[in-house]
Amino acid sequence: MALEARTLTLHGRVIRLREYVPSTKDAAGEPLVLLHGISGSSETWVPLLDHFERTGFGRHVLAPDLPGHGDSAAPRADYGLGAMASVVRDVLALTRNRHATIVGHSLGGGIAMQFAYQFPEMCARLVLVDSGGLGPQVSPVLRATALPGANAALTLAVNPATVAIARGIAAACRSCGGKLSPETRELIRHFASLAAPGRRRAFLSIARSLIDLRGQRASAIDKLYLAREVPTLVVWGARDPLIPVAHGRATAEVLPDSRLTVFENAKHFPHVAAPARFGDELERFLTGTAPARLTLDEVVEVLIRASEAAEAPGNVPENLSSGRHLRPA
C-alpha cells in the first residue's frame, strides 16, 4: 500500500493527482475519486488518506487538484460545474478507470452531482460532504464575492505579505501553548491559497458563476430524482457556518434511499475534524451498497417518465426508485 503524488497532462495543462494504491491482494471494487472544495486542494483529503493507509483500505483512491487549485494549472478558462465534471471524467480516463464512487466536499459535491448528471454510466455511488448546490443559503462571506471590488478587496486582504504575517502570529501562538483545531487550520489554508493571482481568479470565477448576493444560484434539487438509482451518502457538520446542515437533511428527504450522517461537533470539514470516523462511515456505506450500473437508455426512460408524470393533470409522480442498489449492511 502506498500514497503517491504525480502529474497528469490533460489537454496540454497540468493536473496534480494524489493517489492511494492498495496492495494487489487487498484491491477490491471500483475506485474512489475525492473532490475538494473551492479554494482548496487535494491536501484536504490527506488525513483521510493517512487513515486509509493505516487501516489497509482496499480500493484505489484518486484525489486531484482541480484546475485553478493546488498545484494544478490555473489558466484563464471555463471553471463551471460542467467543465469541472468533464475534468473528473478525463482524470478517470487517463488513469484507466471507467466507473467510480465520487466523493465531493463543498464545491466538490456540486461537481460530483454534475458528474452523475453528465456521465451517469460512470458513477457508481455519490458521497456529498457539506455540499454546495443543494439550496440557496450560504455564508455572507461567500455572497460578498458578487460585490463590485471583491477582487481588489481580496488582493488587499490575502497576499504574500498578509499570509506571512498570519503565519508568524500562528507560530507565536503555538510557542505560547496555543493550538488551532484541524478545521481552523484547514480553513486558513484555503484562504491563504488566494494569495496566488491564478488561484484568486479561479475562486472568483467559480463563486460568481454559482453565487449572487441572495445566495447560491446553482441547485441540483430539481434533478436529484435522476440520482435515485445511485447509492448516496450525505455527510454534514452540524455546526457548519458556510452551508447549513438543513441542506443535508432536505437532500436525504428528496432521496429516501440515501444515508445521512451528521457529525455533531464538526463544522465545514468533517473529513478533517474526524478522519477516522469519516473513513469508517465511508467503508460501511461502500460495503452496504451495490454500485449503480446505469445506462443512457435508463436515464432517458426516467426523464420521459418524470416529464409525462408532471404533464398529466392531477397526477402525482410515482417513486422512480426501486431501491435495488441497497444490500443489507
Working note: His51 + Tyr20, criterion ring-ring contact (aromatic ring centres under 6.0 Å, His included); need CA distance, chi angles, decisive distance, verdict. CA-CA 11 Å; His51 171 74; Tyr20 167 81; over 10 Å; no

Please report the C-alpha distance between His268 and Glu183 in whole Å, then the side-chain angles of each, then the deciding distance to 0.1 Å, and finally whether the side chain to side chain donor-acceptor pair (under 3.5 Å) criterion is met. CA-CA 8 Å; His268 190 59; Glu183 287 199 83; over 6 Å; no

Any chance you could lay out the side chain to side chain contact (heavy atoms under 4.5 Å, CB included) test for Leu282 and Leu32, step after step, and finish with the verdict? CA-CA 10 Å; Leu282 185 56; Leu32 296 184; 3.7 Å; yes

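Figure legend: cation-pi geometry between Arg277 and Phe263, with NZ or CZ positioned under 6.0 Å from the six-membered ring centre and within 45° of its axis.
Under 4.0 Å is where a charged nitrogen must lie from a carboxylate oxygen, and between Arg305 and Glu308 no such pair does. A salt bridge links Arg125 with Glu30; the closest basic N to acidic carboxylate O contact falls under 4.0 Å. The pair Arg18-Glu4 does not count as a salt bridge, with every side-chain nitrogen at least 4.0 angstrom from each carboxylate oxygen.
Each of His99, Glu121, Glu298, Glu229 was compared with Arg293 under the side-chain hydrogen bond (donor to acceptor under 3.5 Å, both in side chains) criterion, and only His99 meets it. Among His105, His36, His271, Arg189, the single residue meeting the side-chain hydrogen bond (donor to acceptor under 3.5 Å, both in side chains) criterion with Thr44 is His271. Across Thr289, Leu224, Leu294, a single residue satisfies side chain to side chain contact (heavy atoms under 4.5 Å, CB included) together with Val230, and that is Leu294.
Of the N and O atoms on the side chains of Thr232 and Arg259, not one donor lies less than 3.5 Å from an acceptor on the other residue. Counted by atom type alone, Ser193 and Arg199 present zero donor-acceptor pairs between their side chains at under 3.5 Å. Between the side chains of Asp65 and Ser42, at least one donor-acceptor pair of N or O atoms lies under 3.5 Å. Checking Thr295 against Asp297 by side-chain atom types alone, no donor-acceptor pair falls below 3.5 Å. Residues Ser131 and His247 bring no donor and acceptor atom of their side chains to less than 3.5 Å of each other.
The two residues Leu81 and Ala218 come nearest to each other via the heavy atoms CD1-CB, 4.5 Å. When every heavy atom of Ala252 is checked against every heavy atom of Ser258, the shortest pair comes out as CA-OG, 3.5 Å.
Formation of a donor-acceptor pair under 3.5 Å by the Ser72 side chain with backbone atoms of Gly68 is not found in this model.
Aromatic pair His69/Tyr79: centroids not less than 6.0 angstrom apart.
For Ser181, the side-chain hydrogen bond (donor to acceptor under 3.5 Å, both in side chains) test picks out Thr184, with sequence neighbours left out.
Counting non-hydrogen atoms of neighbouring residues, nucleotides and ligands closer than 6.0 angstrom, the CZ atom of Arg217 exceeds 12 such neighbours.
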